[in-house]
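Comments concern the structure below.
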Amino acid sequence: MRICGLVGATALTLILSSGAFAQEASLDLVEPIAEYKIYVSEQVAKLVEDTTAFTAAVKAGEVDKAKALFAPTRVSYEAIEPIAELFSDLDVSIDSRADDYEKAEADPEFPGFHRIEYGLWEKNSTEGLAPVADKLLADVKALEGRIASLTFPPEKVVGGAAVLMEEVAATKISGEEDRYSHTDLWDFRGNFDGARKIVELVRPLIAAKEADFLKTVDANFNTVDTTLVKYEDGEGYVAYDKLSEDDRKVLAAAVNTLAEDLSTLRGKLGLD
Amino acid sequence: MLDPKDLRRPSLSLDRRRLLKGLGATAIGGSFAGVAKAETLHHSVADAPVANATNQIDSVPCLGVHQAGIVNARPANGMVASFDVLAKDAGELETLFRDLTARIAFLTVGGPVPVLDPKLPPADSGLLGPMVRPDNLTITVSLGASLFDERPWLAPLKPKHLQRMTRFSNDALDAEICHGDLTVQICANTQDTTIHALRDIIKASSRQMILKWKQEGNVPVITPGPDGRAESARNFLGFRDGTANPNSSDATEMDRVVWVGPEDGEPVWAVGGSYQVVRIIRNFVERWDRTPFGEQERIIGRTKMSGAPLDRRDGHEFDVPDYAADPEGKATPLDAHIRLANARDEASKAHTILRRPFNYSNGVTRSGQLDQGLLFICYQANLERGFITVQRKLNGEPLEEYLKPVGGGYFYTLPGIRDASDYLGSSLIAAARGA
């Protein structure tokens, strides 16, 4: 997920200066947000562990091993993408795409997972990737270091579920994120789990009043699950180009509808 | 929509009289005040162009035996958006049709936009402000062959001639802008109104369908001449287009040319519908502009400036060429576009189609050329006898050097929404449930 650095920085400043729980309506959210923070911490710990192994393989020139570790390593990062806006500088450095750089893949600034993905799949080589791997590991460790002291504004967390669905609808369903490795379905797993986690955490707060809404949201998450299950392969998923056109349509409609529905979640919780 | 500089045009006096007549209505009175001031006040670049209030409140009824947006005159802006439909059974398809009907009913009539809790996303995009005005909007829904072919419960109900568009000899079809399960043709006076309608429909139907492609276009707005007679609009080749169209205000002629009737051997549910052809036809305009004037006229078969046929160059665009008197094509070449498309004899009457095209201008190609052309749309009661036959006659025409059809498809336009208790496609759903 990329957002404009300036906007991200401004948002962050606002969050830091306004405190986490500015809204009265969010008192009930203290517990869900605390739980979400634990979830994020667990995911990031796993990310650091997996990235350590992944970058070690890259640095050791073990192309096949690095390829095998690429997609599973990313799942925990994709799961915390709903709040990537809160660490936008690291998000750029960890997960930006070639399109974000003027010279695309040839741009020396092109960093992170996708820079390594490009080398592994397009060049079948780890040549020149050691410094990229070092920087990636440093960045995920920096992220881990930040989480403990990072403020989680409820509106950003709750809104993040919808934002991530927007991101999937706009620039992931096309298969452009993992364009070299075609491991997009692994990312989807992380994205949907991460978004659903947020819905689960606030469910008790709206269960009585918004039963129909939750039923629709659940149905769409379930549609995604049953579709993804069809493409499981071992511990993970088959390549994105194996996804049938019919199933791509089913996923696209589910994602658009989740984006549409989850865009109301903040308001339903009284968050502005 | 009037540009401020157009206010100086003599035609304004007519518009102003029309406005004055409508001054009784407060809404119009308010807008009129804006028009009057426009002549005396300086305009800032940030000001919106001054609208013609009578256009904004113009509306086309969405109820009737046939859908709107076919025989009524084209407004300045048009669009075709094609969708993939997810419906797995008749119930889900009915929900989609009912939802579309509800949006059409609101958008083509207009009204205030619902106001929601500001903590929630707004109900409306707000493009048209707090009050949606009809602005001559029509929304016309048609179905593609794939909708039927991919659903065994619907397949037996497919209209007889409905098929997936296949390539003609000069086509270079791009799969990304071809076909679809359902098209929505949206036409209105202003582009904001067509875009507002599209965004409204996408928002309302995200559960049921996914946007596949869209193409927008427009028709140049032409002031009628001093004799009050309107001229045909020009396409991006600079020629008048649509001159030989059948008279769309002649109901008997439309029954013959456009509307599927009980005698056509189509499924009963389809009566009142029509076959829609959409073709995105790129024009190589740079090359065209480098072609000698006389050759351009011979390729099209009309004089460029007036649109008069080549065998009566001093005539009028609506004069009918006399091909019988020109068997060797000395005045109008035998392979001229208009002569191939319509030989003007008894036999060609069977192949009449109602054309309703819009010009499009998209951007720049990789080669640094303009991506412009014609969003060709036509309607006919028989697809095979209509467009397909006419296009076969055009295969190999000299104009092909300057054209490249790249997208579109064949669709079946649903019968109309009969009354307020009906919904779009109700006859198809009833037939699907009965089958």
Side-chain angles (χ1 to χ4, degrees), chain A residues 22-26 29 154-155 158-159 161-163 165-166 168-170 173-176 205-206 209-210 212-213 215-224 226-227 243-272, chain B residues 81-89 91-93 95-96 99-100 103 114-126 144-155 164 175-182 198-214 366 409:
Chain A
Q23 302 287 326
E24 281 191 353
S26 61
L29 282 162
E155 69 279 8
V158 173
V163 169
M165 290 302 103
E166 295 291 0
V168 175
I173 197 75
S174 53
E176 66 194 85
L205 305 181
I206 53 171
K209 216 170 69 186
E210 301 285 355
D212 286 349
F213 166 80
K215 205 171 137 192
T216 313
V217 169
D218 288 344
N220 278 298
F221 274 126
N222 291 340
T223 299
V224 170
T226 52
T227 308
L243 185 68
S244 76
E245 186 53 23
D246 280 352
D247 282 327
R248 198 193 61 79
K249 286 179 205 170
V250 167
L251 281 181
V255 167
N256 277 315
T257 307
L258 281 168
E260 194 72 53
D261 289 339
L262 294 181
S263 70
T264 65
L265 192 56
R266 274 169 54 188
K268 288 185 193 306
L269 288 161
L271 295 168
D272 211 350
Chain B
S82 174
F83 294 83
D84 285 328
V85 170
L86 273 94
K88 293 187 292 295
D89 53 44
E92 290 182 2
L93 193 58
T95 304
L96 170 62
D99 288 354
L100 286 172
R103 297 324 298 158
V115 178
L116 304 183
D117 179 337
K119 293 194 192 74
L120 291 172
D124 184 274
S125 61
S146 54
L147 184 82
F148 296 88
D149 294 343
E150 290 163 11
R151 289 165 182 79
W153 50 275
L154 204 58
R164 185 182 168 91
E176 300 208 334
I177 46 173
C178 283
H179 318 302
D181 292 337
L182 182 149
L198 178 67
R199 281 171 57 174
D200 185 288
I201 285 170
I202 287 173
K203 192 174 176 67
S205 63
S206 70
R207 280 168 184 76
Q208 298 132 323
M209 57 185 198
I210 309 155
L211 184 61
K212 189 173 163 69
W213 54 268
K214 79 149 168 60
R366 281 184 189 187

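Chain A is the first sequence line, chain B the second, and so forth, proteins listed ahead of strands; every chain is numbered from 1.
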Between Gly267(A) and Leu120(B), what is the shortest heavy-atom contact and its length? CA-CD2, 3.7 Å

For a quick test of reading the model, state the closest non-hydrogen atom pair linking Ala252(A) to Ile210(B) and the distance between them. CB-CD1, 3.8 Å

Are side-chain heavy atoms of Asp261(A) and Arg207(B) found at a separation under 4.5 Å? yes

Where on Lys212(B) is there a heavy atom nearer than 4.5 Å to chain A: the side chain, the backbone, both, or neither? neither

Minimal heavy-atom distance between Leu86(B) and Val250(A), with the atoms involved, is CD2-CA, 3.6 Å

If I take atom CG from residue Asn256(A) and atom CD from residue Gln208(B), how far apart are they, to the nearest 0.5 angstrom? 12.0 Å

Within the structure provided, determine whether Lys119(B) and Arg266(A) are in side-chain contact (heavy-atom separation under 4.5 Å). no

Please give me the minimum heavy-atom distance between Ser263(A) and Pro121(B), naming the atom from each residue. O-CG, 3.2 Å

Apply side-chain contact (heavy atoms from CB on, under 4.5 Å) to Ser174(A) and list each qualifying residue two or more places apart in sequence or on a separate chain. Glu176(A)

Quick check on Glu245(A): does its CD atom have over 12 non-hydrogen neighbours (other residues, nucleotides or ligands) under 6.0 Å away? yes

Of all residues at least two apart in sequence or in a different chain, which pass the side-chain contact (heavy atoms from CB on, under 4.5 Å) check with Asp89(B)? Glu92(B)

